[in-house]
Amino acid sequence: MENRAKHLVFLGCGLLCAAASVFAVAGAPSAAEGPQGGQSAPAASAPDFPIASGARLAGDDKQTRFILDLDRKIEFRAFPLADPYRVVVDIPQVNFQLATGTGSAGRGLVKAFRYGLVMPGGSRIVFDLTGPVKIANSYVLDAANGQPPRLVLDFEQIDRTAFVQALAPESRPELKPAISDSTTATIPAVTTAALPPVTTTDPRPLIVIDPGHGGIDNGTQSGDQTEKNLVLGFGLALRDRIEKSGKYRVVMTRTDDTFIPLNDRVKIARTQSAALFVSIHADALPRREGDAQGATIYTVSDKASDAEAERLAEAENKADAIAGVNLTDEPTDVADILIDLAQRETKTFSNRFARLLMDEMKTTVRMHKHPLKSAGFRVLKAPDVPSVLVEIGYVSNKGDLEHLVSENWRNKAVGSMVQAIDTFFAKRLATAGPAK
């Protein structure tokens, strides 16, 4: 076990060095803010944050204006991003008290917009655009004539060439046909500092729990229940149960309603030398695709196991674009040989844990009719950390949603996951034999 761990650490260092020599990591704007409907309870209840009480769009497909009503003036920064076309507005942390559904319907040049917490102290608004635009005007008005302070942005239609020339140099794509609806997975530049490498003599395995989505990225939604909140509650309960056993160390990728870019979630696992990475999600099917129910366990694969797995991976891999992160085109095949060497053993352990998890969960919770699947999830692509993504249920299914909000169901599901973790590490230790 010790020799294998040393081998993986050495290989991981080699991969990082190789990556550093071939990848030019461009700076990118910080991640996005909290989802529609506001922020986590502590942030929303804080009296010292500015309050946004209303938001609206006006205009047509040539010129469109956005207005945000506030209780005080704020600083802001607005900038465009390409492929897909977006405008991002970074502002101080704001308590969004907007009507339910605000931003879901577009107008003129804006297809829709989202808002939420992007980091402690910072919020973000992301506009999805119908095509290339320029920010013709942007300013904050003082309260006057019975109107509150207002943030105003004016968008004007332009052609793609002019749009690209207006981008910051690090955000400029090549002048190529627009791919505003692309779902191609690209690797984002690192936008936040992940946790520092572990310097501990604690021999216990470290498990990273990754509640999906967060902040400006709601994930799926049913009524007032959002995926980001459901999986955060589940992840915290899983952490508490694991820590209570005393057998493992645990790190969470997020513990509140904050957006974490996909690349940083993987980076946390790698820099912490994690022994296992578990990403928690809750899927939903579009109405046209019928109904589905039960938990599903995913491992990474270049080829999706079925169409539904492919759809889900494409949706999850767009999280950074949803949050307004600058997706940069970086070569993904330069270190293929090194990555393949590391992933062979890692995939074996990932698949082994997935099967153990399925066996345990099916005794306590309802499983999908095809409970083991695979697809190209970016969040599972750490070459040296066994990783699974668990869809704990479908928020689009009434029965599953009832389970997802049930503390009793959650306790059962968490218990079965902890049992699978115990079995997984017991078998790994037995396979490795005594340390030499």
Side-chain angles (χ1 to χ4, degrees), residues 22-33 55 57-68 74-91 103 106-115 118 122-141 151-192 216-217 259 261-263 317-332 334:
V22 297
F23 294 152
V25 180
S30 57
E33 175 183 341
L57 295 165
D60 54 30
D61 58 3
K62 300 297 182 183
Q63 295 179 318
T64 303
R65 170 169 288 185
F66 170 77
I67 302 170
L68 181 70
I74 60 173
E75 299 293 325
F76 72 94
R77 182 174 74 103
F79 54 92
L81 291 174
D83 301 338
Y85 294 117
R86 289 156 290 158
V87 164
V88 174
V89 182
D90 284 331
I91 56 179
R107 179 167 180 166
L109 297 168
V110 177
K111 292 194 290 187
F113 63 89
R114 300 173 301 280
Y115 48 88
V118 78
S123 292
R124 171 170 286 191
I125 307 169
V126 180
F127 298 88
D128 297 319
L129 306 172
T130 59
V133 307
K134 72 174 181 178
I135 305 171
N137 291 295
S138 58
Y139 48 87
V140 176
L141 293 172
L151 169 64
V152 179
L153 291 96
D154 290 328
F155 305 131
E156 288 186 4
Q157 183 184 50
I158 56 175
D159 61 33
R160 179 171 173 81
T161 300
F163 176 85
V164 171
Q165 290 174 347
L167 295 176
E170 66 272 16
S171 300
R172 291 182 184 177
E174 297 177 351
L175 289 179
K176 54 190 177 184
I179 52 172
S180 59
D181 294 325
S182 173
T183 57
T184 301
T186 53
I187 300 176
V190 175
T191 59
T192 63
I216 196 168
D217 179 14
F259 176 81
L262 296 176
N263 203 42
N317 290 345
K318 291 179 68 177
D320 286 353
I322 288 172
V325 174
N326 183 20
L327 299 180
T328 59
D329 292 328
E330 296 182 1
T332 58
V334 179

CZ of R77 to CD1 of I91, rounded to nearest 0.5 Å, is 12.5 Å
Determine yes or no for a side-chain-to-main-chain donor-acceptor pair under 3.5 angstrom, with R107 supplying the side chain and G59 the backbone.
yes
Contacts of F76 meeting ring-ring contact (aromatic ring centres under 6.0 Å, His included) (sequence neighbours excluded), chain-then-number -> none
When every non-hydrogen atom of V140 is compared with those of I74, the smallest separation belongs to CG2-O, 3.5 Å
- Query: Taking the side chain as C-beta and beyond, is there a heavy-atom pair between V89 and L68 under 4.5 Å?
  - Reply: no
With sequence neighbours left out, the residues meeting ring-ring contact (aromatic ring centres under 6.0 Å, His included) with F66 are F113, F127
Minimal heavy-atom distance between F163 and P132, with the atoms involved, is CB-CB, 3.6 Å
Residues 130-141 vs salt bridge (Lys or Arg N to Asp or Glu O under 4.0 Å), sequence neighbours excluded, gives K134-E156
Decide yes or no for Q157 and V133: does some side-chain heavy atom of the first lie under 4.5 Å from some side-chain heavy atom of the second? no
Practice item. Answer yes when D128 and R114 have at least one side-chain N-carboxylate O distance shorter than 4.0 Å, and no when they do not. Key: yes
Contacts of N137 meeting side-chain contact (heavy atoms from CB on, under 4.5 Å) (sequence neighbours excluded), chain-then-number -> Y139, D154
A58 meets the side-chain contact (heavy atoms from CB on, under 4.5 Å) criterion, sequence neighbours left out, with none
| Heavy-atom donor-acceptor pair, R124 side chain to V88 backbone, under 3.5 Å | no
Exercise for the section: Using a 4.5 Å cut-off on heavy atoms from C-beta on, say whether the side chain of I135 contacts that of V87. Expected result: yes
* **Any donor-acceptor N/O pair, R86 side chain to P84 backbone, under 3.5 Å** => yes
In short, G108 meets T130 closest at the heavy-atom pair O-CG2, 3.7 Å
What one should report as the nearest heavy-atom pair of L109 and K62 is CD1-O, 3.6 Å
